[in-house]
Amino acid sequence: MDEFVQAHMSIVVSATVEALRKHGFGAEFFATRDDAVRFIMEHAADCQTVGIAGTHSARALGIVPLLEQAGKKVYDHWKLKLGTPEELECRKMQSQADLFISSTNALTMTGEIVNREGAGNRTNAMTFGPRKTIIVAGTNKIVPNIDAAIARLENVAGPVRAMSLKRKTPCVKAGRCMDCDSPERICRITSIIHRQPMFSKITVAILNEHLGY
Ligand code: SF4
């Protein structure tokens, strides 16, 4: 990476970590994937059950097989057929797990965590239920403030996610949100976590790379 791009990113990451901590969240920056994996496994050590959201970022670390090898019961709905009773039950169990692992759609430099989704299992489990939540995010998820976070949801995360799911929504062709009324609309819930939730401990693990969308 260009030295000035690196210097700028360093300032952005430091400001984000500081703002998140000021809002009561745990926040750590990891230079390598190995360091992040070690951190997650340390957090999982005293947990019997782990819920994993539909996240590319956390899965990119290979965390699911590692947790299973460590004897954890992992609730991973991606292993089940969408919409079946087993898949829905798995999503529910994520909210009751000891640890929940997720990515996020946006992190703000002012210290908020912003997400938009269709089902709500991720936003629910992030804020209430599990004793602790780890949010894995690449530096590409960092934006200046809440307005920029919403713009990111509409211009990047939503259209790319719809594309990956092969949805027939207008954003797939337009490249930006058209606030559609499609039955295939994936954007049904927006969550802004302003401060550490009262009964769940969120820690954000920021990775030194471009990860997920
Ligand atoms: S609301 Fe519709 S058009 Fe907008 S990003 Fe979501 S699925 Fe795409």
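Counting starts at 1 for both ligands and their atoms, following the listed order. In this chain, numbering begins with 1 at the start of the sequence shown. In what follows, every heavy atom counts, from backbone to side chain, and hydrogens, waters and symmetry copies are set aside.
A donor-acceptor pair shorter than 3.5 Å can be found between the side chains of Ser103 and Thr55. Judged purely by distance below 3.5 Å, without hydrogens or angles, the side chains of Asn115 and Thr104 pair a donor atom with an acceptor atom.
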Anything under 3.5 Å between a donor and an acceptor, one on a side chain of residues 198-213, the other on a protein residue two or more places apart or in another chain? List them.
{"residue": "Ser200", "atom": "OG", "partner": "Pro130", "partner atom": "O", "Å": "3.1"}
{"residue": "Glu209", "atom": "OE1", "partner": "Arg33", "partner atom": "NE", "Å": "3.3"}
{"residue": "Glu209", "atom": "OE1", "partner": "Arg33", "partner atom": "NH2", "Å": "2.9"}
{"residue": "Glu209", "atom": "OE2", "partner": "Arg33", "partner atom": "NE", "Å": "2.8"}
{"residue": "Tyr213", "atom": "OH", "partner": "His56", "partner atom": "NE2", "Å": "2.9"}
{"residue": "Tyr213", "atom": "OH", "partner": "Ser164", "partner atom": "OG", "Å": "3.4"}

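For atom 2 (Fe) of ligand 1, protein N, O or S atoms closer than 2.8 Å were enumerated as Cys180 SG, with waters left out.
Looking at Thr49, its side chain does come within 3.5 Å of a backbone N or O of Asp98 through a donor-acceptor pair.
How far SG of Cys171 is from CZ of Arg176: 10.5 Å, rounded to the nearest 0.5 Å.
More than 12 heavy atoms of other shown residues, nucleotides or ligands fall within 6.0 angstrom of atom CD in Glu68.
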